[in-house]
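Shown next, in structure tokens, is the structure this report addresses.
The sequence lines fix the lettering, A, B, ..., with proteins before strands; numbering per chain opens at 1. Side-chain atoms are counted along with the backbone in the values below, which use heavy atoms only and exclude waters and symmetry mates.
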Protein chains: 2
Amino acid sequence: MINDFITIHTADGDYKVCIGEFENISFEKKYSKVLVVTSHNVAGFYLAFLKNKISHQQVFECIVDDREENKDFTTIQQILDCAFTNKLDRKSLMIALGGGVISDMVGFASGIYQRGIDFINIPTTLLAQVDASVGGKTGINTHFGKNLIGIFHQPKKVYVNPLFLKTLKQREFFAGIAEILKIAICFDRAFFDFLFEKNLNNLDVLSEAIKKSIKLKADIVEQDEREDGIRMGLNYGHTFAHVIELETSYKKFLHGEAVAIGMQMANSLALKLGLLSPEEVEKIEFLLEKYCLLLQYKICDIKGFYNKFFIDKKTCYDTLRFILPNGIGKMKIVDNVEKEKLLEVLGVYA
Amino acid sequence: MINDFITIHTADGDYKVCIGEFENISFEKKYSKVLVVTSHNVAGFYLAFLKNKISHQQVFECIVDDREENKDFTTIQQILDCAFTNKLDRKSLMIALGGGVISDMVGFASGIYQRGIDFINIPTTLLAQVDASVGGKTGINTHFGKNLIGIFHQPKKVYVNPLFLKTLKQREFFAGIAEILKIAICFDRAFFDFLFEKNLNNLDVLSEAIKKSIKLKADIVEQDEREDGIRMGLNYGHTFAHVIELETSYKKFLHGEAVAIGMQMANSLALKLGLLSPEEVEKIEFLLEKYCLLLQYKICDIKGFYNKFFIDKKTCYDTLRFILPNGIGKMKIVDNVEKEKLLEVLGVYA
């Protein structure tokens, strides 16, 4: 397995994403206290393991519910209360140990605790390793939609250990692969071909793919930290996925699964607009199928589904915007898709 | 009355504080929608007046309770819900119209809404005009203490209209003067002398004093945006004040009143440490008296009061830190004040 790191450059300074098995959690500065935030499930597997690798006198822990439907102000308050109770100050550190829900919430909580303290991210799911490691996006859901409340807050360091994925449920592992496919399809034809030929169940292949995904995302985010241009490519499939998640109350599908369905829908639209050929759509479907991601979704109310697009924060409220592949390895931002065309695409899923 | 502006330089860009009567609210960029957040009381006086000055098609309003004890997540959620309901997007603007509680909350809410949108601040109390216009501090209270949750989020513009103060309650007006005195005592002897000689009930004197206070604060904050050094001078009186507010559940005193009492306590400590002479203490008390700020506070439990210092986020948790005048016009950061000395000072108020 590889043992490497990628340096991420941001407006708020640089940080490293370390990939591979890590020996110790190293701190670049002196922290007064350390609070590890994790979930029941992850704590069972890795909390003791992690605490062993932290050489600090005062390490506290905070166990929260990391289900998507609990990614809200109540859980944020729980993390903050835990920080107050243990008297963390402005020179303290939070560590996120868990999946994307944990890193999003710890990033947000640490960013608003006493107007911002440092945090380190240790993602334990594939999705979080490839997606939440880079970008500085943190936040919570509201009943108006996903991730609508939050801030940009960069971690001080990220540790990505692919060995953590051994304890991941098969379904979650596959859901993470959706994000790897997404980034390959929109940005890198050679990477797509690599994925087409190799098998991500192999640890070495997986490590390479994680590293490549992080590197690609880092390059994109660096070019466009505040998401005005190219970074929007990372939202391929997401406009559809957010509506699917909203309609199923974040319960039926894992985020990556919803994205996989959203990618299929986006591909149908791309096909209709002449941006993808039938063969390209098929190649993508082959890969989705390979990792059990060719999932079905039934739209009960097409107009209702359509209207929900307008609550997505990535859509301007007057115009609809879609991120679509433009051939495999490139993407295109498409504004003002005709309502008729969209309803036709959605109709296929009705 | 003056009609002037001060440019504030921050790491996130520059903005202007316009002082005087304003003709129109001008936007430097095109906003999709505008949400004015204010309180019942201020709305009655100035909401229609303000809306007249905004030339924009889509102006919405959100009326919240602006009492200090409601400066919490519940009210933030109310503002955010109002923004969602009116479908504000990332290119929308929030305007804070009100006192410090309103500007703190709108600064915070706009900073976390869809990971940050712009806001303009229109402070209507003296305290907010001199204190909350500059510095980018936003936030809410928790039951652990004041302003313990928040972010740094700079406004795009601030409009300070001293005429708004005509409708301010006398008590609130005086409380605002406490912050003017604070800044003069810690940073500018000539300004202190000006205040000693002139009367702030005169509109021209008041406008000058507001402008001078903002200018002084701006210079300090520019030197020290993240509050590691000189900016701590702005916390003169505050370590005591926060405990007083905590003990009285934010109900008995206005913030400025608590600061005025805190300044008296800080002065007693400064006297004991030889940083202020008895004459200087007297001069400060003369000014406090002039604006009804020589208030009494009875400490019921000295040790309890002392222990509450350690929950203040400005105190490192292991050591106690006080900001004290070092003669009039200068300040000193004093760490490791002996517990005995402090208890003696507190004893005077028992």
### Task
Could you look at B/T142 and say if it's the side chain, the backbone, both or neither that has a heavy atom under 4.5 Å from chain A?
side chain
## Note on the structure
Heaviest contributor of heavy-atom pairs below 4.5 Å to chain A, chosen from B/I140, B/L80, B/I76, is B/L80
### Task
Using only heavy-atom distances, determine whether the side chains of B/Y31 and B/D118 contain a donor-acceptor pair under 3.5 Å.
yes
### Query
Between A/H143 and chain B, which part of the residue has a heavy atom less than 4.5 Å away: side chain, backbone, both or neither?
side chain
### Query
Is the distance between the ring centroids of A/H153 and A/F119 less than 6.0 Å?
yes
### Query
When the ring centroid of A/F322 is compared with that of A/Y236, is the distance short of 6.0 Å?
no
### Summary
From the list A/I112, A/D81, A/T138, the residue making the most non-hydrogen contacts under 4.5 Å with chain B is A/I112
### Query
Salt bridge check: are B/K91 and B/D89 linked by an N-O gap of less than 4.0 Å?
no
### Query
Of the backbone (N, CA, C, O) and the side chain (C-beta and beyond), which part of A/I149 lies under 4.5 Å from a heavy atom of chain B, both, or neither?
both
### Message
Can you give me the closest heavy-atom contact between B/Q154 and B/Y15, atom names plus distance?
### Response
OE1-CE2, 3.5 Å
